[in-house]
Amino acid sequence: MNHDDYNSNLYESTKYLLDNVKIKPKIGIICGTGLGFLTDEIQEQIIFPYQSIPHFPVSTTKGHLGNLIFGYIAGVPVMCLQGRFHFFEGYSPQECVLPIRMMKLLGITHVLISNSAGALNPKFQIGNIMLIKDHINMLGIAGFNPLCGPNLDSLGPRFPCMNEAYCTQLIKYARKVAEEENFSNNICEGVYGCVSGPNYETAAEVKMLRMVGIDAVGMSTAHEVLTAKHCNMTVFAFSIITNICISNYDDKKHPDHEVINSIAETKKHALRKLVTKIVQRMDESR
Ligand SMILES: O=P(O)(O)O[C@H]1O[C@H](CO)[C@@H](O)[C@H]1O
């Protein structure tokens, strides 16, 4: 898609939402694989199936329900993507981040991004919640970066900084919430690595990703964060650790999307609490 078409699609999709929903969201949320239940926290829901929104991509990945939901979490107006778009689905990085740019145009200042990821850090266990402190964007390093191409000057600068891409104050606050709510033994912190997928990693790739400093790997999030920072939004993100990446050739276990899709549900209570508290905190800090 050329730049002008992309731009006009972005503004038309946003206008459709402005014309059809009265809620003015302040916080944007993205639900990753198996995390669609986070929308249970949203009151007074207005639901747009993705196919009902002009120019909006559709979700093709199992565990991504494909609804854009407006409503309130603890009284704070939010817009939530119940399912995201991945590069491996055939979407360009720019198409994957269209919803982030719409969030900005709708007046959103803070985004909460979630995903399912495989552990590379040997200390991590399945069901841990990794607070993302930074990322290594393998997909971006390979040249697939949503900020490539003509810069959208109205949204942000040509050369955006990525210092504190993930808000350190919100990470600290998430730890406090976990203490208070008795799930701190499920919390870890680390660097997320974004690969293209759709295949899971070979044993040699797992070793390489670990060596470069990645704690958990997935096929999303980094391009969303780049885009959010490009347009000056504050980001908090977490991974639910759904599998342990395998680097031993004798290990007969293998990652399975069905299983990966089911893990977040086992930490539903903690995750819903965390999301509600972070949304409240984001609202207070605006
Ligand atoms: O990152 P999310 O969307 O949570 O999904 C993760 O789970 C899928 C693989 O099982 C991939 O799409 C990977 O990125």
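Both ligands and their constituent atoms are indexed starting at 1 by order of listing. What you are looking at is a predicted structure, and each value in this text was computed from that prediction instead of being measured.
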* Mind checking whether Gly197 has a heavy atom under 4.0 Å from ligand 1? ->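 False for this residue.
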* Phe85 and Phe56: aromatic ring centres closer than 6.0 Å? ->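 Ring centres of Phe56 and Phe85 closer than 6.0 Å.
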* Kindly state whether the ring of Tyr166 and the ring of His135 have centres lying under 6.0 angstrom apart. =>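 Yes, close enough.
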* To which protein heavy atom is atom 9 (C) of ligand 1 closest, and what is the distance rounded to 0.1 Å? ->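 Nearest neighbour among protein heavy atoms for atom 9 (C) of ligand 1, to 0.1 Å: Tyr200 OH, 3.3 Å.
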* What is the closest protein heavy atom to atom 12 (O) of ligand 1, and at what distance does it sit? ->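 That would be His86 NE2, 3.2 Å.
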Quick check on contacts: which atoms of ligand 1 are under 4.0 angstrom from a heavy atom of [X]?
{"X": "His64", "result": "3 (O)"}
{"X": "Gly32", "result": "4 (O)"}
{"X": "Asn115", "result": "1 (O), 4 (O)"}

If hydrogens are left out, which of [options] has an atom nearest to [atom], that is, the closest non-hydrogen atom?
{"atom": "atom 5 (O) of ligand 1", "options": "Thr61, Thr33, Ile240", "value": "Thr33"}
{"atom": "atom 1 (O) of ligand 1", "options": "Gly83, Ala117, Ser220", "value": "Ser220"}
{"atom": "atom 2 (P) of ligand 1", "options": "Met219, Arg84, Glu258", "value": "Arg84"}

* To do: Give the cluster check for Ile260 versus Ile244: same hydrophobic cluster or not, with ILVMFWY residues linked at side-chain heavy-atom distances below 4.5 Å.
  =>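 Different clusters.
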* List in chain and number order the residues that pass salt bridge (Lys or Arg N to Asp or Glu O under 4.0 Å) with Glu41, two or more places apart in sequence or in another chain; answer none if no residue qualifies. =>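 With sequence neighbours excluded, Glu41 shows a salt bridge (Lys or Arg N to Asp or Glu O under 4.0 Å) to Arg272, given in chain and number order.
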* Note: Arg175-Glu189 ion pair, threshold 4.0 Å (strictly below) ->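 Yes.
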* Asked: Angle class for the Phe236/Phe238 ring planes (parallel below 30°, perpendicular above 60°, tilted otherwise)?
  ->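 Because their plane-to-plane angle lies in the 30° to 60° range, the rings of Phe236 and Phe238 count as tilted.
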* Taking atom types as modelled, is there a side-chain donor on Ser239 or Asn115 under 3.5 Å from an acceptor on the other? ->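 Yes, a side-chain donor-acceptor pair sits under 3.5 Å.
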* Would you check whether Ser116 has a nitrogen or oxygen atom less than 3.5 angstrom from a nitrogen or oxygen atom of ligand 1? =>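 Yes - when backbone and side-chain N and O of Ser116 are compared with those of ligand 1, one distance drops under 3.5 Å.
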* Asked: Counting both backbone and side chain atoms, is some N or O of His257 under 3.5 Å from an N or O of ligand 1?
  ->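 Yes - when backbone and side-chain N and O of His257 are compared with those of ligand 1, one distance drops under 3.5 Å.
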* Asked: Does Tyr200 use its side chain to pair, donor to acceptor, with the backbone of Gly118 at less than 3.5 Å?
  ->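 No, the answer is negative, given that no donor and acceptor are paired below the 3.5 Å cut-off.
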* To do: Specify side chain, backbone, both or neither for Ile260, according to which of its non-hydrogen atoms lie closer than 4.0 Å to ligand 1.
  =>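 Within the 4.0 Å criterion, Ile260 contacts ligand 1 through side-chain atoms alone.
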